[in-house]
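Throughout, a chain's letter reflects where its sequence line sits, starting with A, and its residues are numbered from 1.
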Amino acid sequence: MLDVVVFFFLLGVIARVVGSDLRLPEALYETLSIYLLLAIGLKGGIELSKQPMAALAPQVGAAILLSFTIPFLLYPVLRALRLAGPDSASLAAHYGSVSVVTFAVVTAALTRAGLPYESHAALWVAVMEAPGIVSGILLARLAKLQEVRWGALLHEVLFGKSVLLLLGGLIIGAIAGVEGTAPIKAVFIDPFKGVLALFLLELGLVAGGRLSEVRRFGLPVVAVGVLAPPLLAVLGAGVGVALGLSTGGVAVFATLAASASYIAAPTAMRLAVPEANAALSITAALGITFPFNIVVGIPLYIGLARWLTQ
Amino acid sequence: MHTMALTKHARQLLVIIAEAALEKSLVRDVKRLGAHGYTVYDVRGEGAMGVREGEWEADRTIEMKVICEAQVADQIAEHVLNTYAPNYAVTMFFAAVQVLRPEKF
């Protein structure tokens, strides 16, 4: 059975498809995304406070390398599918970066399945957002597309709201620990899943709105959106196994590798590679890959992790 | 009640409707090109580049209003046209306006 939060996503998609007037206020979307990022960071940070940091270096290094490498693997494939250079670089960057909500859904699914995962997994998410975007820009740059204002762009990527909130939450959680965060537990920890459900309803509305675009871009984009995630998941799972992660940890790593960013990457790529068709990348990342991952992919990746680690 | 005759001064209003991703760059540009101020709103709508509903970050649109001297408005518009219009959703228009405190603009 699907995790209950996934049903909220489907409700949002259906609302859009049938032309309902349902619309969440923009301010609520902002609030929910800030809440989720902080809560995920805090949760990871609280767990970090229980263990020595140094042991995590290989995992952090592998996570950064994985995110950085994925666009270089995808780019030639996208070019072979006859996508233009800028479009290929931008799309590749979206898949190199990660989706925080997909991460939240896989951890919810693991908890429900009774499969423990590394409690500091939020740290992996925080370090996997930026490298994929940077290598996407490098790819665009290598194709001599245009001048990039690296300073402004790195600032945007490193101090953009998602990385700032995730890392901020991690640090606050790590410093304050279990006792220090006890007074805010009732807001940031306990209602997490309910808030996630509400956010997925909103994302369902947004993704449902992209469905009409899917037909416009045709088969290659659908193929990329559906085939890239499982293949990247195998790569991610392999890295997870090599790192000696738990079954749940391998599933999380596989899911992160399979996920595509639809918040940080679109904004960054819009500025860095303006020639790229933004609608194409967003349709693939949010209209195809995100629903695929949360409905079909995550159960597959958990199965893969079980098979690889038994 | 005593009323003063208001002295009005002619200025140009330049309205730029663009993808929200451009906001920081536009603010930097209009100040550099001589505008003394600007106003930005979040808006939504539809145009040649499709529907922009503004439901989430990457789909957001802003409207920037700049009141300035006519030649400053022209310079800004020319810069935006050359720099952003080829690849971004951008709409611009001018209107003649009258202001009360000319030193502000």
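- With a 6.0 Å radius and a threshold of 12 heavy atoms from other residues, nucleotides or ligands, A:Phe103 has its CZ atom above the threshold.
- A pairwise comparison of heavy atoms in B:Asn87 and A:Arg270 identifies O-NH2, 2.7 Å as the closest pair.
- More than 12 non-hydrogen atoms from other residues, nucleotides or ligands lie less than 6.0 angstrom from CZ of A:Arg216.
- Once rounded to the nearest 0.5 Å, the distance linking CG of B:Asp59 with CZ of A:Arg210 reads 6.5 Å.
- Heavy atoms closer than 4.5 Å to chain B are found nowhere in A:Glu213, neither backbone nor side chain.
- Taking chain B as the reference chain and counting heavy-atom pairs below 4.5 Å, the highest number among A:Ile282, A:Leu205, A:Asn277, A:Leu203 is found for A:Ile282.
- Proximity to chain B (any heavy atom under 4.5 Å) is shown, for A:Leu24, by neither the backbone nor the side chain.
- Heavy-atom neighbours of B:Glu78 CD from other residues, nucleotides or ligands within 6.0 Å: at or below the threshold of 12.
- Taking every heavy atom of both residues into account, A:Leu271 and B:Ser25 meet most closely at CD2-OG, 4.5 Å.
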